[in-house]
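Let me begin by presenting the structure, written as structure tokens, before commenting on it.
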There are 2 protein chains.
Amino acid sequence: MAGWRAYIEASQRLFTRLEDDLRADSGLSFADYHVLVLLSEAPGQRLRMGELADRLVFSPSRLTYQISSMRRRGLVARESCPQDRRGSEAVLTAAGLLALREAAPGHLASVRRHLVDDLDDDEVATLTRVFARLGRRLRADRDASSTPSE
Amino acid sequence: MAGWRAYIEASQRLFTRLEDDLRADSGLSFADYHVLVLLSEAPGQRLRMGELADRLVFSPSRLTYQISSMRRRGLVARESCPQDRRGSEAVLTAAGLLALREAAPGHLASVRRHLVDDLDDDEVATLTRVFARLGRRLRADRDASSTPSE
DNA sequence: TAGCACTCTTTGAAATTTCAACAATGTCCC
DNA sequence: GGGACATTGTTGAAATTTCAAAGAGTGCTA
């Protein structure tokens, strides 16, 4: 349980620190950055709102707010989804891609400096394995609980 | 870097899930719970606002808000600090201690269920070691940067 | 093809968090 | 003793996040 508390505290400090660095050298928030990363990797550089919310672990309304803020700043655009007219997509703009390209090197350096450099190879491997597994399990739990048929 | 993203996502899911469990079975938020834990362990069951903010990784104004909310609910009381009249302390109340005692078993079970049970002993040891070290380093970095004299 | 149950997303109001002052002490140094 | 300056914590306004409810669409069933 001491380990558990160390994990919470260190994670909190780490996220805070990375966000400060990112903000200082690119003006983007952590959330902005992650939206840009996910969109840049998506086919057509676009994603449904629901899909994006899910991957960011954001509530739907939080994502609506986040995306409208990014739209005001020109980082993304919105289009309604042709297949399902209830739906809506966020699309990466040229300005958004540029902002990501400019922010990425500094951010990666910051992650390396504050986290990765502190770890040896085994530790990196263990963390990667553990969190990948944990993420899968938590996603699965959530899916199971929203589908009471099993 | 894939590991990094897995870490962010899984942590986010984990915190969300634990907070939901905690709220559902005790009515406390994650922040409430941590305040209660820290106070219950402190000598005299009281802590200076600054000390508490630091350990929670909260901004000072966020802590002011958090504590006044808990005070309204009777979980803590406030006293001004005798040694330093600028300062102020949060003190655990009997009701606060009771709330913690009632919430703790369920919360610990939830941590075990969602996190610890998924890990083997080596993994637990590695995570504990890594995050303890990381926390120390991030605290040290911050102290260093607020003391430019080196 | 009307009705109904469900899904995807947004909205408005309330709660929380941040951010930039500010008030009140404390500390240092002359 | 008196300033200048640093520290501790709060406040008010703005930004963000949550929460409950609503709007709009889809799809199944009869």
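Chain naming here is simple, since letters A, B, ... match the order of the sequence lines and numbering starts at 1 in each.
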Tell me whether L39(A) is reachable from L98(A) by hopping between hydrophobic residues (I, L, V, M, F, W, Y) whose side-chain heavy atoms are closer than 4.5 Å. no

In whole angstrom, what separates L52(A)'s CG from dC8(C)'s P? 14 Å

Rounded to the Å, how far apart are I67(A) CD1 and dC8(C) P? 17 Å

Has Y65(B) got a side-chain N or O lying under 4.0 Å from the OP1 or OP2 atom of dT17(C)? no

Taking for each residue the nucleotide of DNA chain C with the nearest heavy atom, is it S69(B) or Q83(B) whose nucleotide lies nearer the 5' end? S69(B)

The answer to which of D84(A) and Q66(A) contacts DNA chain D further toward the 5' end, by nearest nucleotide, is Q66(A)

Rounded to whole angstrom units, what separation is found between the CG atom of D32(A) and the C1' atom of dT16(D)? 12 Å

For the pair made of CD in E51(A) and C1' in dT7(C), what is the distance, rounded to whole Å? 15 Å

How do F58(B) and G87(A) order along DNA chain C: which one's closest nucleotide is nearer the 5' end? G87(A)

I want to check one thing: is the phosphate of dT10(D), taken as OP1 and OP2, less than 4.0 Å away from some side-chain N or O of T64(B)? yes

Checking Y7(B) against S11(A) for the side-chain hydrogen bond (donor to acceptor under 3.5 Å, both in side chains) test, could you report, in this order, the C-alpha distance in whole Å, the side-chain angles of both residues, the deciding distance, and whether it holds? CA-CA 10 Å; Y7(B) 164 52; S11(A) 292; 2.7 Å; yes

Expressed in angstrom and rounded to an integer, what is the separation of E89(A) atom CD from dT10(C) atom C1'? 17 Å

Below 4.5 Å, heavy atoms only, C-beta onward: do S88(A) and R78(A) meet side chain to side chain? yes

Measure from the side chain of M49(B), starting at C-beta and using heavy atoms only, and say which of dT17(C), dG9(D), dT18(D) lies closest. dG9(D)

Can you measure L63(A) atom CG to dT7(C) atom P for me and round it to whole angstrom units? 19 Å

Both R62(A) and P82(A) contact DNA chain D. Which one's nearest nucleotide lies toward the 5' end? R62(A)

Rounded distance in Å - CG (L56(B)) to P (dT16(C)): 16 Å

Answer yes if the side chains of H114(B) and D21(B) hold a donor-acceptor pair under 3.5 Å, and no otherwise. yes

Is R86(B) side chain donor-acceptor paired with the dT7(D) base, going by distance under 3.5 Å alone? yes

side-chain N/O S59(A) vs dT18(D) OP1/OP2, d < 4.0 Å: yes

For dC19(C), does the base pair up with any side-chain atom of S61(B) as donor and acceptor (N or O, under 3.5 Å, distance only)? yes

Classify R85(B) by what it touches in the nucleic acid, base, sugar-phosphate, or nothing, heavy-atom distance under 4.0 Å. sugar-phosphate

Using a 4.0 Å cut-off on heavy atoms, which residues in residues 4-31 of chain A reach DNA chain C? List them by number, or say none. none

Starting from L52(B), can I reach L97(B) by hopping between I/L/V/M/F/W/Y residues whose side chains sit under 4.5 Å apart? yes

pair V76(A)-V91(A): side-chain heavy atoms closer than 4.5 Å: no

Report yes or no: do R72(B) and S68(B) form a side-chain donor-acceptor pair below 3.5 Å? no

S29(A) versus R23(A), side-chain donor and acceptor atoms under 3.5 Å: no

